[in-house]
Amino acid sequence: MYKKFGLLLVALLTLGLVLSACQPAAEAPPAPEEAEEVVVEEPEEPEPAAADDKWCSGTKIVFFPGGAPGGPFATVVYNGAVAAAEDLGADMETVWSEWNPEKMVTQFSEAVATKPDGIAIMGHPGDDAFEPLVDDAEAQGIIVTSSNTQLPRLQERYASNGFGYVGAILYDAGWALGKEAVARSGLKPGDQAFVWGLLAQAGRGERTKGVVEALEDSGLDVIYQEIDDATNADATAGVPTFVGLMSANPDIKLVVTDHGALTATLETYLTSAGLGPDDVYAVGFDLSSATVEAIRGGWTDLVIDQQQWLQGYLSVLQICLTNNFAFTGLQIDTGAGFAHADNVELLAELVEKQIR
C-alpha cells in the first residue's frame with residue numbers, strides 16, 4: 001500500500017514539472033521609455049520698433065542746431081535732436097545757420113512755408129526779429145519752441161501752445177562764470193580782463209552782459225571786443241584779432257570767450273599770441289574735445305557747461321509732447337555746472353562721444 005502511494009506521489013510531481021515546463025515564459029516587464037530631450041529655446045529679442053510704431057511718428061519737425069555742420073557745439077546739440085527723433089519716431093529736418101541771426105530769420109520763414117507740425121529754433125535774433133514770423137506760424141497752428149537763447153516775450157505769449165525753452169538762463173550763466181573766474185583766479189580790483197563776446201546780439205548778448213557786469217562788480221577793468229561775423233562762423237578767423245588785442249594790452253590777466261567754438265580755440269589763440277598756459281587765466285563756455293585737452297594742458301582754466309545735448313533732445317521732445325498730447329511749454333535750465341582740471345576726467349569720455 002505504501003509502495004503504491006509513493007508511486008502515485010512521484011507521478012504527480014512528475015506531471016507538475018511537465019505542466020510547468022509547458023507554460024509560456026512570463027513576459028519581462030517593459031523597459032522604461034527613454035525620456036525625451038527637452039530643448040529650451042532662447043526667447044527672441046524683440047525687434048526695435050519701427051519709426052511708424054512710435055508715439056511721435058508722423059510728427060514733422062524742423063530743427064535748428066544753430067551753427068555749422070561739424071562745429072563743436074552745434075554738433076552736440078544736433079546729436080541730441082537726432083537721438084530724440086530716433087527714440088520718439090519723429091520726422092526731423094535739420095537747418096544749419098552758422099550762428100548768423102539774419103540767416104536764422106530767413107530760414108525760419110522758409111521752414112514755416114513747408115508747414116511742419118513744429119519748429120525748434122535758437123533765439124539769437126531776439127524777440128523783435130522773430131515776433132512777426134512766430135505770430136504767423138502760430139496762427140497757422142505750427143508749434144514753435146526755442147533753445148540756447150531765450151525769447152521771453154514770445155515764450156510768455158505762446159507757452160500754452162507749447163512754446164518752451166531749454167538752455168541756460170543767459171545773464172545768470174554769464175554772471176556766474178564771471179564771479180567764479182574772479183574767485184578762482186585770485187584777481188584783485190584794478191586787474192585787467194578781456195571779454196570777447198556778443199553784446200550786439202539781442203537776447204544772446206545777455207550772457208556777455210552778465211560776464212561783463214560780474215567782472216566790473218568785482219572791480220576789474222574790462223576790455224571788451226565784439227565777435228565779428230567771420231569769427232562767429234569760424235573761430236580760427238579770430239586769431240589776428242586776439243593777437244592784436246593782447247599785444248596792445250599786455251597787462252590782461254583774465255580772458256573770457258563767450259562762445260563755445262572760441263573757447264575750444266583758446267589754446268590756439270594763446271600760443272599764437274606767444275603766451276603760455278600760466279600767463280593768463282582763460283575761461284569760457286561749453287565743453288568740446290579741444291576744450292578738454294586745453295583744460296588738461298592748463299590752457300583753459302574754467303568752463304561753464306550748459307549740457308547742449310539736452311537742448312537738442314528736449315526741444316524735439318517738447319514738440320512731440322505738444323503735438324500728440326497738448327502739453328504746454330516747459331522751461332528747463334541746462335547750465336548749472338563748471339568744468340575744470342579737478343573734475344574734467346569725469347566728463348571726458350562723454351565729451352569724446354559728443355554727448356557732453
Side-chain angles (χ1 to χ4, degrees), residues 61 63-67 71-85 87-88 97 99 118-124 144-152 154-155 159 162-180 197-198 201 203-211 257-264 283-289 291-292 302-322 327-340 343-344 346-356:
I61 297 172
F63 180 80
F64 285 69
F73 183 89
T75 298
V76 179
V77 177
Y78 168 76
N79 289 345
V82 169
D87 288 348
L88 308 175
S97 309
W99 301 117
I119 305 174
I121 58 176
M122 286 199 170
H124 295 65
V144 181
T145 192
S146 70
S147 69
N148 189 262
T149 299
Q150 201 165 11
L151 296 166
L154 290 169
Q155 185 181 349
F163 199 122
Y165 175 67
V166 54
I169 308 303
L170 295 185
Y171 182 89
D172 295 349
W175 179 276
L177 181 66
K179 286 296 186 180
E180 189 75 9
L198 293 165
Q201 286 191 15
R204 173 60 179 81
E206 286 296 302
R207 192 168 76 181
T208 304
K209 181 180 178 183
V211 173
T257 50
D258 183 14
H259 194 294
L262 272 67
T263 300
V283 309
F285 291 83
D286 310 323
L287 287 170
S288 66
S289 296
T291 298
V292 168
L302 182 68
V303 171
I304 192 167
D305 174 25
Q306 60 175 311
Q307 303 176 111
Q308 58 266 29
W309 191 90
L310 291 175
Q311 296 179 14
Y313 195 100
L314 297 178
S315 292
V316 172
L317 176 61
Q318 172 71 74
I319 292 173
C320 285
L321 288 171
T322 301
F327 279 104
T328 58
L330 305 174
Q331 174 153 319
I332 302 171
D333 182 359
T334 64
F338 295 101
H340 43 75
N343 67 2
V344 71
L346 296 174
L347 304 170
E349 184 177 351
L350 294 171
V351 173
E352 291 298 326
K353 293 179 179 178
Q354 295 185 310
I355 297 173
R356 293 293 297 273

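Only a predicted model underlies this, so the values are computations on that prediction, with no experimental measurement involved.
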*Please test N79 against K353 for side chain to side chain contact (heavy atoms under 4.5 Å, CB included), starting from the C-alpha separation and ending with a verdict.*
CA-CA 10 Å; N79 289 345; K353 293 179 179 178; over 6 Å; no
*Report the residues that fulfil salt bridge (charged side-chain N to carboxylate O under 4.0 Å, His left out) with D286, sequence neighbours left out, ordered by chain and then residue number.*
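Applying salt bridge (charged side-chain N to carboxylate O under 4.0 Å, His left out) to D286 gives none.
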*Would you please name every residue forming a salt bridge (charged side-chain N to carboxylate O under 4.0 Å, His left out) with E352, sequence neighbours left out?*
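Salt bridge (charged side-chain N to carboxylate O under 4.0 Å, His left out) list for E352, sorted by chain: empty.
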*Sort out for me which residue in V292, L346, L347 forms a side-chain contact (heavy atoms from CB on, under 4.5 Å) with R356.*
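Answer after filtering V292, L346, L347: L347.
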*asked:* With a 6.0 Å cut-off (strictly less than), is the heavy-atom count around NZ of K179, excluding the residue itself, greater than 12?
replied: yes
ring-ring contact (aromatic ring centres under 6.0 Å, His included) with [X]: which residues, sequence neighbours excluded?
| X | value |
| --- | --- |
| F285 | none |
| F73 | W99 |
| Y313 | W309 |

Distance (rounded to the nearest 0.5 Å) between [X] [atom1] and [Y] [atom2]:
| X | Y | atom1 | atom2 | result |
| --- | --- | --- | --- | --- |
| L330 | F163 | CG | CZ | 13.0 Å |
| L154 | T145 | CG | OG1 | 11.0 Å |
| L287 | I304 | CG | CD1 | 10.5 Å |
| M122 | T149 | CE | OG1 | 7.5 Å |

Judged by atom type as modelled, is there a donor-acceptor pair below 3.5 Å linking the side chain of [X] to the main-chain atoms of [Y]?
| X | Y | result |
| --- | --- | --- |
| S147 | G167 | no |
| T334 | Q306 | yes |
| T322 | F327 | yes |
| N343 | F338 | yes |
| T208 | L198 | yes |

Side-chain touch [X]/[Y], heavy atoms, less than 4.5 angstrom:
| X | Y | value |
| --- | --- | --- |
| L177 | V283 | yes |
| D258 | R204 | yes |
| L317 | L88 | yes |
| S315 | V77 | no |
| L302 | E180 | yes |
| H124 | N148 | yes |

*asked:* For a quick test of reading the model, state the closest non-hydrogen atom pair linking A264 to P72 and the distance between them.
replied: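 That would be CB-CG, 4.4 Å.
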*Looking at A168 and A173, what are the two nearest heavy atoms and their distance?*
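Looking at all heavy atoms of both residues, the shortest contact is CB-CB, 4.1 Å.
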_Contacts of Q354 that satisfy side-chain hydrogen bond (donor to acceptor under 3.5 Å, both in side chains) - sequence neighbours left out_ = none
*Return yes if a side-chain donor-acceptor contact under 3.5 Å exists between T257 and T263, otherwise no.*
yes
*asked:* Assess, by modelled atom type and distance only, whether the side chains of Q150 and E206 contain a donor and an acceptor separated by less than 3.5 Å.
replied: no
